[in-house]
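Reading through the structure tokens given below for one structure.
When a residue number appears, it is its place in the shown sequence, counting from 1. Every value quoted in this text rests on a predicted model; they were computed, and no experiment measured them.
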Amino acid sequence: MIELIFFSVSELRVVLLGNSWSERSSVGNFILGETVFITEEEPDRCLRFSGQLKEKQIVLINTPDLLHPNISEHKLTEHVEDCVSLSAPGPHVFLLVLQPKDFTEEHRPRLQSILETFTDQSFYHSLVLISIPRGKSSGSIENDMQHPPLGDFIRKCRSRLLWHKNLEHQQLLTHLDLVVQENNGDHVSCDVFKDAPSVSWRGHQGEGVSVNLDPAEAPGPGYSMSGLLSSTGNHFPNCKYTSK
């Protein structure tokens with residue numbers, strides 16, 4: 001059993017990216033230990049929810065499908081601006097929830113461009129989480145990841161990868177914290193949209209919902225992602241890299 005490492009920052013800000021709203025939402029609910037993201041209904045905006053683990057705050061920003069091939073550049077810019085506002089002063093981790101069969105050559109440059117919107121250092125802050133389709137073995141997933149485009153993208157993220165379908169809650173929190181530690185507690189930030197009006201958190205986080213994640217109530221060591229995950233080329237200006 002992996003011992004829970006408390007976050008090396010007082011507030012951990014995580015942006016969820018990927019090409020499946022239901023998968024991203026399931027992962028977000030798993031992290032917070034509550035159903036705050038509705039997996040069946042994808043909104044046309046970013047959503048922000050937060051939770052408490054002892055004295056530490058976890059903030060999740062879930063994005064719409066930014067990898068959709070028909071999304072307009074205007075709408076993509078709007079969503080990125082929204083994400084920047086909700087993750088202020090900047091995210092510590094980009095959690096990339098991907099599925100091998102759905103991640104194509106077209107997705108790779110688009111996701112890379114979105115990450116580079118924040119900074120060219122975004123890959124250093126990225127963790128790939130592979131959800132395993134129901135009925136598919138771990139070995140076949142490993143084979144899928146030996147080939148581009150997914151394998152190449154994982155290597156760009158310093159080969160930070162979680163994919164086991166029985167991933168435990170503490171393991172995921174620990175790996176998120178390790179990304180923060182490897183970056184000395186720094187976060188990425190984007191001031192491209194600094195003159196834009198602030199986004200109302202009330203309208204984007206369900207009347208200001210806050211989830212209590214006291215260790216006594218958080219998912220225990222035996223709580224895994226197995227059921228949760230199975231149930232459910234634009235360019236922008238570069239942004240700066242900011243400490244803490």
Side-chain angles (χ1 to χ4, degrees), residues 12-53 58-71 75-76 78-80 82-83 86-87 91 93-104 107 110-111 114 126-136 138 141 150 161-173 175-176 199 201-213 217-220 222-232:
L12 175 67
R13 296 179 295 278
V14 179
V15 171
L16 296 166
L17 292 169
N19 55 346
S20 170
W21 168 261
S22 63
E23 297 289 349
R24 292 192 305 278
S25 298
S26 293
V27 171
N29 292 339
F30 176 75
I31 292 173
L32 294 178
E34 295 282 349
T35 302
V36 294
F37 296 110
I38 307 303
T39 59
E40 296 82 9
E41 301 175 8
E42 179 175 356
D44 190 31
R45 66 183 190 278
C46 297
L47 295 181
R48 179 186 189 275
F49 285 93
S50 62
Q52 196 82 18
L53 180 58
I58 307 173
V59 176
L60 300 182
I61 298 89
N62 199 357
T63 59
D65 187 2
L66 305 184
L67 302 182
H68 195 284
N70 296 326
I71 189 172
K75 181 60 71 173
L76 183 57
E78 181 182 296
H79 288 324
V80 170
D82 200 5
C83 183
L86 292 174
S87 61
V93 182
F94 295 96
L95 186 56
L96 313 179
V97 184
L98 305 175
Q99 300 81 40
K101 67 181 181 65
D102 296 328
F103 191 73
T104 66
H107 288 137
R110 180 177 289 269
L111 183 53
I114 291 169
S126 295
L127 172 64
V128 177
L129 177 61
I130 300 296
S131 60
I132 301 179
R134 186 173 299 181
K136 196 161 188 179
S138 301
I141 295 295
L150 184 59
L161 172 66
L162 293 174
W163 58 268
H164 198 280
K165 60 183 178 181
N166 293 318
L167 179 68
E168 295 178 356
H169 186 253
Q170 291 188 356
Q171 286 179 299
L172 181 52
L173 293 180
H175 279 84
L176 291 173
V199 175
W201 286 3
R202 178 172 295 276
H204 288 263
Q205 63 175 51
E207 300 298 324
V209 161
S210 181
V211 180
N212 179 19
L213 275 186
E217 301 178 13
Y223 189 49
S224 77
M225 299 189 70
S226 178
L228 283 168
L229 289 178
S230 59
S231 63
T232 58

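- Rounding to the nearest 0.5 Å places NZ of Lys75 at 4.0 Å from CG of Asp44.
- Of all non-hydrogen atoms in Phe103 and Leu111, the two that sit nearest each other are CE1-CD2, 3.9 Å.
- Separation of atoms CG (Leu150) and NE2 (His107) is listed at 12.0 Å; rounding is to 0.5 Å.
- Considering every non-hydrogen atom in both Phe37 and Asn62, the closest pair reads CE2-CB, 3.5 Å.
- Taking OG of Ser25 as the reference point, atom CZ of Phe30 lies at 15.0 Å (rounded to 0.5 Å).
- Taking every heavy atom of both residues into account, Asn19 and Asp65 meet most closely at CA-OD1, 3.8 Å.
- For Thr35, the side-chain contact (heavy atoms from CB on, under 4.5 Å) criterion is met by Asn29, not counting sequence neighbours.
- In terms of heavy atoms, Leu66 sits closest to Arg110 at O-CD, 3.2 Å.
- Across Leu16 and Gly28, no two heavy atoms sit closer than the pair CD1-CA, 4.1 Å.
- Although no hydrogens or angles enter the test, the distance criterion places no donor-acceptor pair under 3.5 Å between the side chain of Glu42 and the main chain of Ser22.
- Side-chain N or O atoms of His79 include none that pairs as donor or acceptor with a backbone N or O of Cys46 at under 3.5 Å.
- Here Ile130 contributes atom CD1 and Glu23 contributes atom CD; the two are 10.5 Å apart, rounded to the nearest 0.5 Å.
- In terms of modelled atom types and a separation under 3.5 Å, the side chain of Glu41 and the main chain of Ile38 share no donor-acceptor contact.
- Among all heavy-atom pairs drawn from Arg48 and Leu86, the shortest one is NE-O, 3.1 Å.
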Ile31 vs Leu172, side chain to side chain contact (heavy atoms under 4.5 Å, CB included): CA-CA, chis, key distance, verdict: CA-CA 8 Å; Ile31 292 173; Leu172 181 52; 3.6 Å; yes
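- Residues satisfying the side-chain contact (heavy atoms from CB on, under 4.5 Å) criterion with Asn70, sequence neighbours excluded, are His68.
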Test side chain to side chain contact (heavy atoms under 4.5 Å, CB included) applied to Arg13 and Val15, step by step: CA-CA 7 Å; Arg13 296 179 295 278; Val15 171; over 6 Å; no
Worked verdict on Leu98 versus Leu17 for side chain to side chain contact (heavy atoms under 4.5 Å, CB included): CA-CA 8 Å; Leu98 305 175; Leu17 292 169; over 6 Å; no
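- Atoms CG and OG, on Leu161 and Ser126 in that order, are 12.5 Å from each other to the nearest 0.5 Å.
- In this structure, Ser87 OG and Asp82 CG are separated by 9.5 Å, a value rounded to the nearest 0.5 Å.
- When the options Leu60, Leu176, Leu173 are evaluated for a side-chain contact (heavy atoms from CB on, under 4.5 Å) with Leu12, the one that passes is Leu176.
- In terms of modelled atom types and a separation under 3.5 Å, the side chain of Trp21 and the main chain of Glu40 share no donor-acceptor contact.
- Checking side-chain atoms of Arg24 against main-chain N and O of Gly18 turns up a donor-acceptor pair under 3.5 Å.
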